[in-house]
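Below, each value reflects all heavy atoms present in this structure, side chains not excepted, and no hydrogens, waters or symmetry copies. Model, not experiment: these values are computed from the prediction.
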Amino acid sequence: MAGRRRAVAAAGAVVLVLEAALLVGLNLFLGKVADAQQMSLAGIDPHAMTVSAVIGAVLVGGYVLACALVLLRTAVRDVAPHGFLRVLLISCAVVHGVLGAFCVGLVGWTAFAAMMVVLGLIVWSLTWYGTGEPRPAEEGRRPAEPGPPPSGAPPAPEGFSPPPTTR
């Protein structure tokens, strides 16, 4: 199972790297087109639009590459991302869901399917790794012995067992 988890996370990382390259290339191309044709939007200087496209390309590419690096780290270490890294992957999944919804109307069903594949790989990685809490029994390891009761709680009397629960 660990091999499959790693494969899904690695595939997600590869797909995100390819997507980052595509998004950066697309933004740079559109910036060059806007500059070459002296396009303007609401009176904005065409050079300012080109610079904005380059800045957008760097930001979007960096964000998607950061998500790819988190998935790659997850695949290599076989450990779920925690804290900010997990939030980064969740935000990437949300962005892909929203972009997929926009793609249906603006680009077509093929682009929607591509966005959903990426979304599926991210969500699959997140859910398959879970929250990252250690699993007690894995491949020949014994579960940990129960520890002392939490501070402030009295110890259970000798031979005491809780009453059975009924449903």
Asks: His96 pairs by side-chain contact (heavy atoms from CB on, under 4.5 Å) with which of Val123, Val117, Leu119, Leu121?
Replies: Leu119
Asks: Using the test side-chain hydrogen bond (donor to acceptor under 3.5 Å, both in side chains), find all partners of Ser91 that sit at least two apart in sequence or belong to another chain.
Replies: Tyr63
Asks: Apply side-chain contact (heavy atoms from CB on, under 4.5 Å) to residues Ile90 and Arg86 and explain how you reach the verdict.
Replies: CA-CA 6 Å; Ile90 291 170; Arg86 187 169 183 82; 4.1 Å; yes
Asks: Distance check, rounded to the nearest 0.5 Å: Cys92 atom SG versus Glu19 atom CD?
Replies: 7.0 Å
Asks: Considering all heavy atoms of both residues, which atom of Val104 and which atom of Phe112 are nearest to each other, and what is their separation?
Replies: CG2-CD1, 3.2 Å
Asks: If you look at every heavy atom in Ser125 and Val8, which pair is closest and at what distance?
Replies: OG-CG1, 3.6 Å
Asks: Taking atom CD1 of Ile44 and atom OG1 of Thr50, what is their separation to the nearest 0.5 Å?
Replies: 11.5 Å
Asks: Mind checking whether Leu18 and Leu16 sit in one hydrophobic cluster, side chains of I, L, V, M, F, W, Y counted as touching below 4.5 Å?
Replies: no
Asks: Please name the pair of heavy atoms, one in Ala75 and one in Ala9, separated by the smallest distance, quoted to 0.1 Å.
Replies: CB-CB, 3.7 Å
Asks: Please tell me whether Val118 and Leu23 are part of a single hydrophobic cluster in this structure, the criterion being side-chain heavy atoms less than 4.5 Å apart.
Replies: yes
Asks: Between NE2 of His47 and CG of Asp35, what distance do you get to the nearest 0.5 Å?
Replies: 7.5 Å
Asks: What distance do Thr110 atom OG1 and Met115 atom CE have between them, rounded to the nearest 0.5 Å?
Replies: 12.0 Å
Asks: Are Val98 and Leu22 in one and the same hydrophobic cluster, where Ile, Leu, Val, Met, Phe, Trp and Tyr link if side-chain heavy atoms are under 4.5 Å apart?
Replies: no
Asks: Cluster question for you: counting only ILVMFWY and a side-chain heavy-atom cut-off of under 4.5 Å, with indirect links fine, are Val24 and Leu26 together?
Replies: no
Asks: Assigning hydrophobic clusters by single linkage (Ile, Leu, Val, Met, Phe, Trp, Tyr; side-chain heavy-atom cutoff under 4.5 Å), is Val95 placed with Val64?
Replies: yes
Asks: What orientation do Trp128 and Trp124 show, parallel under 30°, tilted 30 to 60°, or perpendicular over 60°?
Replies: parallel
Asks: Would you check, one step at a time, whether the test side-chain contact (heavy atoms from CB on, under 4.5 Å) holds for Tyr129 with Asp78?
Replies: CA-CA 8 Å; Tyr129 276 96; Asp78 199 28; 3.0 Å; yes
Asks: Taking all heavy atoms of Leu71 and all of Gly12, pick out the closest pair and write down the distance.
Replies: CD1-C, 3.7 Å
Asks: Begin with the C-alpha distance, continue with both residues' side-chain angles, and end with the deciding distance and a verdict on side-chain contact (heavy atoms from CB on, under 4.5 Å) for Val54 and Leu28.
Replies: CA-CA 6 Å; Val54 170; Leu28 293 177; 3.8 Å; yes
Asks: Taking all non-hydrogen atoms of both residues into account, name the closest pair between Ile122 and Leu89 and its distance.
Replies: CG2-O, 3.5 Å
Asks: Over all heavy atoms of both residues, which pair between Ala20 and Leu65 is shortest? Give the atoms and the distance, please.
Replies: CB-CG, 3.9 Å
Asks: Just how far is it from atom CZ of Arg77 to atom CZ of Arg6, taken to the nearest 0.5 Å?
Replies: 11.5 Å
Asks: What's the spacing between Ser52 OG and Leu30 CG if we round to 0.5 Å?
Replies: 13.0 Å
